[in-house]
Amino acid sequence: LLHAAAALDCAPRQCVYIGDDLRDIEAGIAAGMPTLAAAYGYVGTAGDLAQWPATGVLDQPLDLLDWLPERIR
């Protein structure tokens, strides 16, 4: 994740990492990125995603628009 942010010349805090497993959320947090849990994805066996330490939850892909700054929408 840090490599991807660096390749984009972007600070990790300016990125958002979306995942459908608890380990995705943990990886994003470790990289210093806001994280969003994808409730519509695979959602692994890590229990209730409402209990994950994600910044937020996406119920469908278009919900991402609510998390993007207006300047990039």
Side-chain angles (χ1 to χ4, degrees):
L1 297 177
L2 295 175
H3 177 75
L8 293 169
D9 193 28
C10 189
R13 71 185 184 301
Q14 294 175 306
C15 300
V16 62
Y17 191 62
I18 301 169
D20 60 4
D21 194 282
L22 177 59
R23 68 180 152 220
D24 298 327
I25 303 307
E26 292 170 338
I29 290 169
M33 296 179 177
T35 58
L36 297 172
Y40 54 86
Y42 164 71
V43 186
T45 58
D48 181 14
L49 65 125
Q51 300 301 314
W52 297 357
T55 307
V57 176
L58 302 176
D59 291 319
Q60 60 182 347
L62 286 176
D63 290 345
L64 178 60
L65 295 176
D66 295 332
W67 291 93
L68 297 176
E70 282 190 36
R71 69 180 182 279
I72 57 175
R73 282 198 255 162

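These figures come from a predicted structure and were not determined experimentally. Note: hydrogens, waters and symmetry copies are ignored here, and every other heavy atom, side chains too, is used.
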Quiz item: Atom CG in Leu36, atom CG in Asp20: separation rounded to 0.5 Å?
Solution: 12.5 Å
Quiz item: Roughly how far apart are Thr55 OG1 and Met33 CE, rounded to 0.5 Å?
Solution: 11.5 Å
If every non-hydrogen atom of [X] is compared with every non-hydrogen atom of [Y], which pair is closest and at what distance?
| X | Y | value |
| --- | --- | --- |
| Leu49 | Ala37 | CD1-CB, 3.7 Å |
| Leu64 | Leu58 | N-CD2, 3.7 Å |
| Asp63 | Asp59 | OD2-N, 3.0 Å |
| Cys10 | Cys15 | SG-SG, 3.8 Å |
| Ala39 | Val57 | CB-CG1, 4.0 Å |

Quiz item: Can you find a pair of side-chain heavy atoms, one from Leu22 and one from Pro53, that are under 4.5 Å apart?
Solution: yes
Exercise. Examine Ile18 and Leu62 and state if one hydrophobic cluster contains both, with Ile, Leu, Val, Met, Phe, Trp and Tyr joined whenever side-chain heavy atoms are less than 4.5 Å apart.
Key: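 Linked, Ile18 and Leu62 end up in one cluster.
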Practice problem: Flag yes if Tyr17 and Leu8 sit in one hydrophobic cluster, no otherwise; membership is Ile, Leu, Val, Met, Phe, Trp, Tyr, and two members link when side-chain heavy atoms are under 4.5 Å apart. | Solution: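 Unlinked, Tyr17 and Leu8 end up in two clusters.
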Practice problem: Mark yes or no for whether Gln14, through its side chain, and Ala11, through its backbone, hold a donor-acceptor pair below 3.5 Å. | Solution: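 Yes: the side chain of Gln14 pairs with the backbone of Ala11.
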